[in-house]
Amino acid sequence: MESIDTELAARIRHDIVLGNYGEEERISEARLCDTHNVSRTPVRLALRMLEHEGLIRRSEGRGYFVNAPKVNDVLQAVQVRGHLESLAARLMAQSPGRHNTLPILEAAIDEIDRLVSAGTMNDVSIRAMQKQNAVFHKTILDCCGNDFIGFTCSRISHMPMLEVGAMVFDRQVLSTKEGKERSNFRLQLGNSQHKVIFEAIQSGDVVRAEGVMREHSNTMVEYIKVFEKRNEELTIKDLIGYSGISVTRHERAETAQETVI
């Protein structure tokens with residue numbers, strides 16, 4: 001069970017990312033106490049968390065100013081995560097104990113294959129795919145032998161599309177037969193990259209594991225433009241919408257337990 005301050009931080013974070021606060025809007029402890037019906041202590045702790053994440057900054061006087069993420073912030077964070085995940089894949093490929101975790105990666109790949117082959121593109125099947133995708137990526141982050149890689153990824157996971165194992169979908173695209181077929185093909189392509197990464201880790205090919213993981217981790221925005229046929233400039237609300245189908249908090253906790261070796 002999450003503490004009051006952690007839950008409160010999640011609520012405020014959600015409001016900031018969704019744009020419910022204006023850019024550079026000032027927020028105060030008193031206002032948050034009234035809005036969320038809590039005392040000052042959890043508010044102060046929550047604000048410290050959000051300040052460390054860069055979503056707010058302390059004013060010279062009292063209170064904080066909002067630093068709402070922009071599209072370019074997300075794109076830069078995706079690039080950073082791509083480098084971190086590729087480093088994790090490289091380290092795992094050179095680890096003598098990597099064979100202990102290979103069954104977890106293989107099982108996640110096989111389950112995604114099964115779900116994709118079924119061709120059902122609804123919230124239930126997408127969440128199931130997302131869960132297995134998170135297992136694949138989190139296993140590599142957790143078992144690469146460098147704890148700071150996963151820790152750093154977690155520091156940017158609050159941003160749209162940056163949660164570990166996040167997958168992007170457009171509900172409007174999924175409402176058409178052609179859109180479902182495009183999305184299904186994209187999932188097949190993504191899982192094919194998983195297979196290449198798995199084989200590279202299995203054989204100890206550090207260069208291939210690193211290179212394919214970097215490409216795989218950096219393709220989310222390109223997938224939106226190519227497969228979802230989005231030609232206009234993306235907005236932060238677009239990115240939030242694309243990453244809106246996600247696993248629940250309970251499922252994320254289960255995933256974390258499954259990837260502990």
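On a predicted model such as this, the values are computed, not experimentally measured, just so you know.
In this structure, Ile4 and Pro42 approach most closely via the heavy-atom pair CG2-CB, 3.8 Å. The nearest pair of heavy atoms linking Ala93 to Ala200 is CB-O, 4.2 Å. Contact between Ala9 and Leu50 at its shortest, heavy atoms only, is O-CD2, 3.8 Å. Between Glu29 and Val43, the shortest heavy-atom distance links the atoms CA-CG1, 3.9 Å. The shortest heavy-atom contact between Ile16 and Ile56 is CD1-CG2, 3.8 Å. Summarising the geometry of Val66 relative to Gly22, their closest heavy-atom pair is CB-O, 3.8 Å, with the distance given to 0.1 Å.
Contact annotation: the side chain of Asn191 never approaches that of Val116 to less than 4.5 Å [non-hydrogen atoms, C-beta and beyond]. Taking 4.5 Å as the limit, some side-chain heavy atom of Ile140 sits within range of a side-chain heavy atom of Met213.
Atom-to-atom distance recorded for His83:NE2 and Thr152:OG1 is 14.0 Å, nearest 0.5 angstrom. Remark: Gln130 CD to Asn133 CG distance equals 6.5 Å, nearest 0.5 Å. Distance check: Glu111 CD to Lys131 NZ gives 9.5 Å after rounding to the nearest 0.5 Å. One finds the CD atom of Glu178 at 7.5 Å from the CD atom of Glu181 (value rounded to the nearest 0.5 Å). How far CE of Met92 is from CG of Leu141: 10.0 Å, rounded to the nearest 0.5 Å. Expressed to the nearest 0.5 Å, how far OG of Ser117 lies from CG of Leu187 amounts to 11.0 Å.
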Does the pair Glu24 and Arg57 meet the rule for a salt bridge (charged side-chain N to carboxylate O under 4.0 Å, His left out), with working shown? CA-CA 9 Å; Glu24 297 291 324; Arg57 72 177 190 279; 2.7 Å; yes
When you look at Ile112 and Phe136, which way does the side chain to side chain contact (heavy atoms under 4.5 Å, CB included) test go after all the steps? CA-CA 10 Å; Ile112 294 173; Phe136 181 87; 5.6 Å; no
Starting from the C-alpha separation in whole Å, work towards a yes-or-no answer on side chain to side chain contact (heavy atoms under 4.5 Å, CB included) for Asp5 and Val38. CA-CA 10 Å; Asp5 49 285; Val38 293; over 6 Å; no
Evaluate Asn67 against Leu55 for side chain to side chain contact (heavy atoms under 4.5 Å, CB included), listing each step before the verdict. CA-CA 5 Å; Asn67 282 332; Leu55 287 176; 5.6 Å; no
Could you please spell out the steps behind the side chain to side chain contact (heavy atoms under 4.5 Å, CB included) verdict for Met129 and Arg114? CA-CA 9 Å; Met129 286 184 242; Arg114 186 189 70 79; over 6 Å; no
Evaluation steps, side chain to side chain donor-acceptor pair (under 3.5 Å), between Asp205 and Ser203: CA-CA 6 Å; Asp205 188 341; Ser203 64; 5.1 Å; no
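Listed for the Arg44 side chain is no donor-acceptor partner under 3.5 Å among the backbone atoms of Thr41. Ser217 places no side-chain N or O within donor-acceptor distance of the main-chain N or O of Glu85, the cut-off being under 3.5 Å. Side-chain atoms of Arg98 come within 3.5 Å of backbone atoms of Ile201 as a donor-acceptor pair (strictly under, hydrogens ignored). No side-chain donor-acceptor contact under 3.5 Å links Asp15 to the backbone of Asn20. The main-chain N or O of Ser154 is found under 3.5 Å from a side-chain atom of Ser157 such that the two form a donor-acceptor pair.
Between the side chains of Ser3 and Thr6, at least one donor N or O sits under 3.5 Å from an acceptor N or O. Asn122 and Thr120 form no side-chain donor-acceptor contact under 3.5 Å, judged by distance and modelled atom types alone.
Residues Glu51 and Arg48 are not paired through a salt bridge, judged by the lack of any N-O separation under 4.0 Å between the basic side chain and the carboxylate. Residues Glu53 and Arg13 are paired through a salt bridge, judged by an N-O separation under 4.0 Å between the basic side chain and the carboxylate.
The side chain to side chain donor-acceptor pair (under 3.5 Å) test applied to Asp73 returns no partner, not counting sequence neighbours. Taking the side chain to side chain contact (heavy atoms under 4.5 Å, CB included) definition, one finds that Glu210 meets it with Ser86, Arg90, Arg214, sequence neighbours left out. Take Gln202 and apply the side chain to side chain contact (heavy atoms under 4.5 Å, CB included) test, not counting sequence neighbours, and it matches Leu102, Phe198.
For CG of Asn37, the number of neighbouring non-hydrogen atoms (other residues, nucleotides, ligands) closer than 6.0 Å is 12 at most. Counting non-hydrogen atoms of other residues, nucleotides and ligands closer than 6.0 Å to CZ of Arg11 gives a total above 12.
When the side chains of ILVMFWY residues are joined at heavy-atom separations under 4.5 Å, either directly or via intervening members, Val74 and Val80 end up in two distinct hydrophobic clusters. Grouping the Ile, Leu, Val, Met, Phe, Trp and Tyr side chains by contacts below 4.5 angstrom, directly or via other members, places Ile156 with Val71. Linking Ile, Leu, Val, Met, Phe, Trp and Tyr residues whenever their side-chain heavy atoms come within less than 4.5 Å places Val164 and Leu91 in a single cluster. Tracing side-chain contacts under 4.5 Å through hydrophobic residues (I, L, V, M, F, W, Y), one never reaches Phe65 starting from Leu32; they form parts of separate clusters. No path of Ile, Leu, Val, Met, Phe, Trp and Tyr side chains, each step under 4.5 Å between heavy atoms, connects Ile149 with Leu162, placing them in separate hydrophobic clusters.
Aromatic ring pairs are classed by plane angle as parallel below 30°, tilted from 30° to 60° and perpendicular above 60°; the pair His137 and His194 is perpendicular.
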